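One structure coming up, written as structure tokens, with questions to follow.
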Amino acid sequence: MATEQKRSMLVIAAGSEVADAIVNAFSGEHDLRIDTKDTTLAQMNGKAIRAMADYDVIMFQASPDDSSDIEAIQTLVSNRSNETTLVALADGDISLSKARALSNAGVDEVLPLPKGDGEIDAQMLRLSRKKAARHSGGAVHQGCLIAVAQARGGVGSTTVAVNLADQLCLGKGRFSRGTKPKVALVDLDLQFGTIGSFLDLGEQDALLQLAMDGKVPDATFLTQSMVDLPSGLSVLAAPSSFAPLDSLRSDQVAAIIDTLRESYDFVVVDMPRALVGWIEPIVQRADEMMVVTDMSVSSVRHCRRLIDFFTQDNLSLPVQVVVNHQHKPLMQTRLHREAAKVLDRKLEHWLPHDPRAACGAADRGKPLSVAAPRSPLGKAMSRLARATLSGRQLATQQAAK
Ligand SMILES: Nc1ncnc2c1ncn2[C@@H]1O[C@H](COP(=O)(O)OP(=O)(O)OP(=O)(O)O)[C@@H](O)[C@H]1O
Ligand SMILES: [Mg+2]
């Protein structure tokens with residue numbers, strides 16, 4: 001008789017409050033065994049830490065300020081099996097640099113400590129299910145995450161995010177083999193997002209709701225909140241009313257991205273200008289970053305700072321520079337060569353200055369593929385999407401070798 005393989009989770013926390021809240025959150029998961037240890041990682045010796053290698057998920061209370069905690073995490077990281085997911089439970093107000101210290105130490109996820117009201121259930125369940133899929137031999141679908149950022153306000157990053165997502169949906173190019181990728185577009189420019197007006201969407205307040213009630217979104221919430229356009233593109237727009245910038249949390253943003261990646265082939269994110277703490281999950285997870293810039297000295301310098309920020313924790317992150325408002329030159333000038341040197345990268349993509357097409361699309365609330373497909377800007381966007389599709393196909397082929 002085949003025995004059912006149970007998933008296993010270990011919770012390490014001093015006092016029973018945290019462990020009880022987690023056990024409660026998972027009370028409906030009958031194929032999950034939860035063990036608890038009433039202590040801290042730092043108090044456990046190397047032998048005890050090595051004995052934990054067989055758990056699918058280990059959740060532990062962590063304080064990144066404490067160097068003995070960080071050392072214990074490093075011991076755990078070097079002794080864990082490849083299949084174990086490490087989740088640090090930290091104070092909900094943890095700063096970007098402290099969350100970074102935990103991920104640098106090798107932690108897979110940083111979640112806020114549960115408060116006993118089930119607040120983080122969705123995020124935890126998602127993690128545990130992901131492990132379950134791996135254990136039952138199923139592969140977890142991981143769509144490609146593309147973050148689009150801007151070197152200065154108004155340079156055209158929303159235009160790029162909207163039209164890249166729209167054109168990816170069309171699945172053109174020799175690498176797509178006739179299949180149309182599923183694409184989600186997320187406006188994380190929480191306060192000044194304009195994707196809703198670029199695509200003439202009605203008011204959408206899902207992100208405002210998350211910011212206000214602090215819940216961690218699950219797949220049902222996202223499906224209900226996203227608008228599906230006739231092209232197949234699904235959009236999560238920014239709120240139409242004001243939301244304080246610090247009202248979103250990293251675990252909420254991580255849940256949005258992880259959930260969408262499970263059902264979409266591409267997730268394109270229009271990034272906020274401010275480098276707030278909750279963009280960390282995007283920095284960690286991005287498969288590709290596009291920085292939109294022009295050739296002014298200040299934009300190029302800011303572009304370099306942004307690239308440094310994004311690649312600091314994700315050294316292998318491919319960064320594509322998109323030069324907006326300029327035709328691709330036949331011969332690069334000294335200015336272009338100097339900019340490429342400052343950026344330490346090729347100026348990969350060029351989008352011509354084309355106010356007629358840009359304004360026409362904006363006025364109609366349609367992407368360029370509908371409003372001005374044959375315009376210079378419309379064609380350049382189509383090339384950008386084709387290059388992105390080809391790049392992903394090559395990356396997937398190389399990874400499979
Ligand atoms: N290549 C282009 N040619 C002409 N106009 C353009 C081009 N790209 C963008 N625009 C126009 O520039 C304006 C700003 O573009 P967009 O909103 O995409 O920039 P942004 O970087 O997202 O700005 P924000 O800082 O407001 O988020 C829009 O009116 C858009 O139609
Ligand atoms: Mg914008």
Side-chain angles (χ1 to χ4, degrees), residues 146-168 184-201 204 207 233 235-243 245 248 267-276 279 282 289-296 298-307 309-310 319-329 336 339 347-385 387:
I146 304 177
V148 183
Q150 54 173 198
R152 70 160 171 85
V155 75
S157 55
T158 301
T159 303
V160 169
V162 166
N163 290 288
L164 173 66
D166 169 68
Q167 300 262 6
L168 283 173
L185 172 63
V186 182
D187 193 347
L188 281 185
D189 191 358
L190 186 67
Q191 295 187 311
F192 305 107
T194 49
I195 285 182
S197 57
F198 266 67
L199 292 172
D200 196 21
L201 308 177
Q204 273 196 329
L207 284 178
L233 178 66
V235 187
L236 186 64
S240 32
S241 21
F242 182 80
L245 196 55
L248 270 186
V267 179
V268 178
V269 177
D270 194 3
M271 297 290 281
R273 184 124 198 259
L275 300 180
V276 269
I279 65 167
I282 317 240
M289 181 194 183
M290 289 201 179
V291 204
V292 186
T293 187
D294 55 26
M295 280 293 100
S296 71
S298 60
S299 295
V300 171
R301 282 199 187 138
H302 191 239
C303 195
R304 174 66 203 235
R305 284 201 291 272
L306 265 183
I307 294 174
F309 177 81
F310 268 75
V319 178
Q320 312 260 347
V321 176
V322 181
V323 182
N324 196 11
H325 302 284
Q326 272 200 27
H327 265 289
K328 183 170 187 172
H336 296 141
L347 305 177
E348 190 78 39
H349 306 286
W350 302 76
L351 302 173
H353 183 64
D354 186 356
R356 197 161 160 220
C359 295
D363 289 350
R364 290 177 58 192
K366 298 276 181 224
L368 287 157
S369 68
V370 175
R374 309 303 308 155
S375 64
L377 187 55
K379 286 186 190 163
M381 281 294 175
S382 171
R383 280 196 295 275
L384 177 63

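Just follow the structure's listing: the first ligand is 1, and inside any ligand the first atom is 1. In this text, all values refer to a predicted model and were calculated from it rather than measured experimentally.
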Over all heavy atoms of both residues, which pair between A151 and C303 is shortest? Give the atoms and the distance, please.
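Smallest interatomic distance, heavy atoms only, reads CB-CB, 3.9 Å.
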Keeping to residues at least two apart or across chains, list the side chain to side chain donor-acceptor pair (under 3.5 Å) pairs with something in residues 354-380.
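Matches after skipping sequence neighbours: D166-S369.
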Contact summary for L368 and G378, nearest pair of heavy atoms:
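Reported closest heavy-atom pair: CB-CA, 4.1 Å.
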Closest non-hydrogen atom pair between N324 and G156, with its separation
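N324 and G156 have their closest heavy atoms at ND2-CA, 3.6 Å.
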What residues sit with at least one heavy atom under 4.0 Å from ligand 1?
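Residues near ligand 1: Q150, G153, G154, V155, G156, S157, T158, T159, D189, F198, N324, H325, P352, H353, D354, P355, A358, L377.
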So, for M289 and L306, which heavy atoms are closest and what is the spacing to 0.1 Å?
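Looks like CE-O, 4.5 Å.
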Looking at every heavy atom in both L207 and A237, which two are closest together, and how far apart are they?
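Between these two residues, the closest heavy atoms are CD1-O, 3.6 Å.
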Least distance between heavy atoms, H336 atom then P329 atom
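It is CE1-CG, 3.6 Å.
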Can you tell me how the ring of H325 sits relative to the ring of H353, calling it parallel under 30°, perpendicular over 60° and tilted otherwise?
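Geometry flag for H353 against H325: tilted rings.
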If you draw a sphere of radius 2.8 Å around the Mg ion (ligand 2), how many protein N/O/S atoms end up strictly inside it?
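With waters ignored, the protein N/O/S count below 2.8 Å is 1.
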Taking distance alone, no hydrogens or angles, what donor-acceptor pairs closer than 3.5 Å link side-chain atoms of residues 187-197 to residues at least two apart or in another chain?
unit_1	atom_1	unit_2	atom_2	d
D187	OD1	D189	N	3.0
D187	OD2	T194	N	3.2
D187	OD2	I195	N	3.1
Q191	NE2	A243	O	3.0
S197	OG	T194	O	3.0

